[in-house]
Structure formats: structure tokens, C-alpha cells
Amino acid sequence: MKKLLVASFCVLGAIAQAGAQDKAQLDKARAEGKAAFYANITAVEPIIKAFTADTGVTGEYTRISTSKFVATAITEFEAGKLQADVVQAPLPVLEMLKEKGVLANYRSPAAAGYPEWTRKDAAIQLFGIEYVALIYNKERVKPADVPKRYEDLTLPKWKDQIVMANPANHATTISWLIGLKENVFKSEAEWRAFLKGLAANKPMFVASFGPTPAPVESGEKLIAISMPKYIVTKAPAPLDWARLSQPMMGTPRAIAVTSKAPHPAAARAFVDYWLSQKSMAMLAKDVGEYVLAPGVYPPIDGIKDAKVIAIRELSDDEIVKWGAEFKQIFDVK
């Protein structure tokens, strides 16, 4: 009994100490006033608003597209003018920023329950996967016609009925096509046959994933290589996703504190809040994002049972090489 009481006092003491530390950190963050957040993710204003209300620290969000993220952050950093306390982007983007010294080491206690593989290194924490799937118009595609495998996109009935991001220059689509080669198809010959068949169906090309749902939503096209989150953000649009027998794939999303953050305590408080169950639930339920917080899923029928894997990040040279090859294969003008 005595040992139990001593242990209990130790636990209570540790909890009290942790609570005091948390309060001290939050007091520092409040004294700094704000946390500036550079990101390429959409519809996160409710999380920024909740962070401000719950912590008393003002969250400021600046959206930067993936294609401009590295150049913007490094230019500002090298000029000593980087205003971001926290940066969020696909993993390859943050890895490039880390190589330039833009990121600081920080291991958030809020990520303690995340899978071990999400702790990329001392600076970068993965929190989600930018998942890609086949989105279709459920009012115009009969259930029997919904694709069951990626190979079904090569069937002649889908000619002039597919929309996808430009495979010659959209980095995530290029990585996704390589992900198919490395994770789905049994041989390169089968993968190249798939590319040839998809190209033969003359997909409509758009600049990124953002414009992919609209042609399907309107009925101009029937299928998009797109993101299931649009089923949530475009509701009640007639969109559904094809439950393929093969895995869904996507690029990991990551977050980190900057090495010269103008508000370092506020930056750590923001990352802690972002990785919390509350924020991840908002991101999943309100925005449809696939997050890596345990037990949190977007409100999309069947997604909870899907196999979603993080694909390998491609180097800049690989993106250029494969983009040039896909430009030829898909006859991109």
C-alpha cells in the first residue's frame, strides 16, 4: 500500500509539473501574441479561429500554392524576412525547406499517439495523406459501370469522359502515376499498358486537383482522378468514389516549426493544437481530409475501410524526367 501511495504521489506530482509546464508555455505564446501559418491546404479557417479562441493566441493563415511554396519560403528566409512561424505542405516541400535550414527541431507531445512512421525526423511531423481516388458522377454512372480496378479507366467506354490534373507538370499526379508503378502493377509492362490505355481515352487536363470535380459535378465528364474530400466540400453534389480492389495512394502532408520563427512559443502551441484530436477531427469531418490521428476519419461512406498508403516522394529530377515522359505519352500540348 505504501509503494502504491508513493507511486500515486509521484504520478500526481508529474501531472502537476506537466500542467505547470504547459501553462508556462502557453503564457509565453500569449505574450508573443500570434502564430503565422504558411500552408497550401484549403478550408482550414475554422481551425485557425478555434485556435485563437481556445488559446488566446491569434492564428494568421497565409495560403501558398504548392508550386510556389519552396521559392516563396526560401526567398523570404534568405532575405531574413520569413514571417512564418509554422509551415505545412506535402512532405517533399518540407524536406527541401529543411535542407535549406528553414525548419527547427520540435517534437510535439500532441503527436504521441500517431503511428511511429509519421515521425519523419526531429523537425517534420506527418499528419495526413493527400489521398487520390477515382471520383464519379453517381447520377450518371450506373453502379455496374463504376470502376473496380485502375485498369478499368482504359476501357473504351470512358473515352472523352475522364478529367485529371496535367500529368506533364502537376507534381502530385506525376508522383501518383509513379506510385501506381511501384505499388499496384505487377510489372512495368502492365503499368505502361495502363498509361497507354488511359492516354487513348483522351482525358481532359486541368492545372491541379482543385478544378477536377467541377466537370464531373456538372455532368460534362463522368470520372475524375481526384480527391475524395470533394465529396464533403462539394456536398450535395452528385459525387461518389470508386471502391477499388487496389490501394488508394497519396502524398504525405507534413507540418513543422520554422528555425527563425518570430514567435517560437506560439509556433509550438500552434503545432500542438493542429495535431490535437479536436483539430484533426475538424479537418476530417469538415474538410474531408484523410488524417493520421488514430481513429479519426472523414465522413465518407466506406473510407474507414479503405487501404490508404503514403507513396514515395520523388526528387526534383524525377519529377522533371517523368513529367517529360508523361507529356509524350499523354500527348499534352
Side-chain angles (χ1 to χ4, degrees), residues 10-64 69 72-89 93-94 97-98 100-114 118-128 253-283 286-287 291-293:
C10 288
V11 169
L12 290 172
I15 292 173
Q17 184 177 11
Q21 290 173 345
D22 290 346
K23 184 178 185 307
Q25 289 297 320
L26 188 55
D27 287 343
K28 289 182 181 178
R30 287 171 176 154
E32 291 174 354
K34 70 175 184 180
F37 180 50
Y38 282 13
N40 77 330
I41 194 168
T42 58
V44 295
E45 287 79 4
I47 297 178
I48 306 297
K49 185 177 180 180
F51 167 74
T52 301
D54 290 350
T55 65
V57 182
T58 300
E60 290 187 354
Y61 173 43
T62 300
R63 184 165 186 241
I64 303 175
F69 207 103
T72 300
I74 290 178
T75 299
E76 291 186 8
F77 180 76
E78 292 180 344
K81 297 180 179 178
L82 180 61
Q83 296 301 308
D85 297 300
V86 178
V87 287
Q88 176 277 316
V93 171
L94 290 205
L97 296 185
K98 184 186 175 186
K100 295 292 185 179
V102 179
L103 306 185
N105 289 343
Y106 178 59
R107 180 61 63 222
S108 171
Y114 282 55
T118 66
R119 286 177 271 281
K120 183 64 180 175
D121 54 36
I124 300 174
Q125 173 67 46
L126 307 183
F127 67 89
R253 291 186 184 276
I255 193 167
V257 171
T258 59
S259 59
K260 296 181 181 178
H263 314 94
R268 292 190 288 273
F270 185 88
V271 171
D272 294 347
Y273 195 87
W274 182 269
L275 295 172
S276 69
Q277 286 275 320
K278 178 178 180 178
S279 292
M280 290 295 97
M282 293 172 72
L283 203 56
D286 298 342
V287 190
V291 300
L292 299 172

Could you go through Phe77 and Leu97, starting from their C-alpha distance and side-chain angles, then the distance that decides it, and tell me whether this counts as side chain to side chain contact (heavy atoms under 4.5 Å, CB included)? CA-CA 10 Å; Phe77 180 76; Leu97 296 185; over 6 Å; no
Do [X] and [Y] have side-chain heavy atoms sitting under 4.5 Å apart?
X: Gln125; Y: Lys120; result: no
X: Val44; Y: Gln88; result: no
X: Val87; Y: Val102; result: no

Leu275 and Tyr114: side chain to side chain contact (heavy atoms under 4.5 Å, CB included), yes or no, with the steps? CA-CA 9 Å; Leu275 295 172; Tyr114 282 55; 3.9 Å; yes
Looking at every heavy atom in both Phe69 and Asn40, which two are closest together, and how far apart are they? CE1-N, 4.1 Å
Over all heavy atoms of both residues, which pair between Arg107 and Ile124 is shortest? Give the atoms and the distance, please. NH1-O, 4.2 Å
Salt-bridge contact Arg268-Asp272 (side-chain N to carboxylate O under 4.0 Å): no
Find the distance between [atom1] ([X]) and [atom2] ([Y]) and round it off to the nearest 0.5 Å.
X: His263; Y: Lys28; atom1: NE2; atom2: NZ; answer: 15.5 Å
X: Asp121; Y: Leu126; atom1: CG; atom2: CG; answer: 9.0 Å
X: Glu60; Y: Asp85; atom1: CD; atom2: CG; answer: 9.0 Å

Just one of Trp274, Tyr273, Phe51 clears the ring-ring contact (aromatic ring centres under 6.0 Å, His included) bar with Phe37, so which one? Trp274
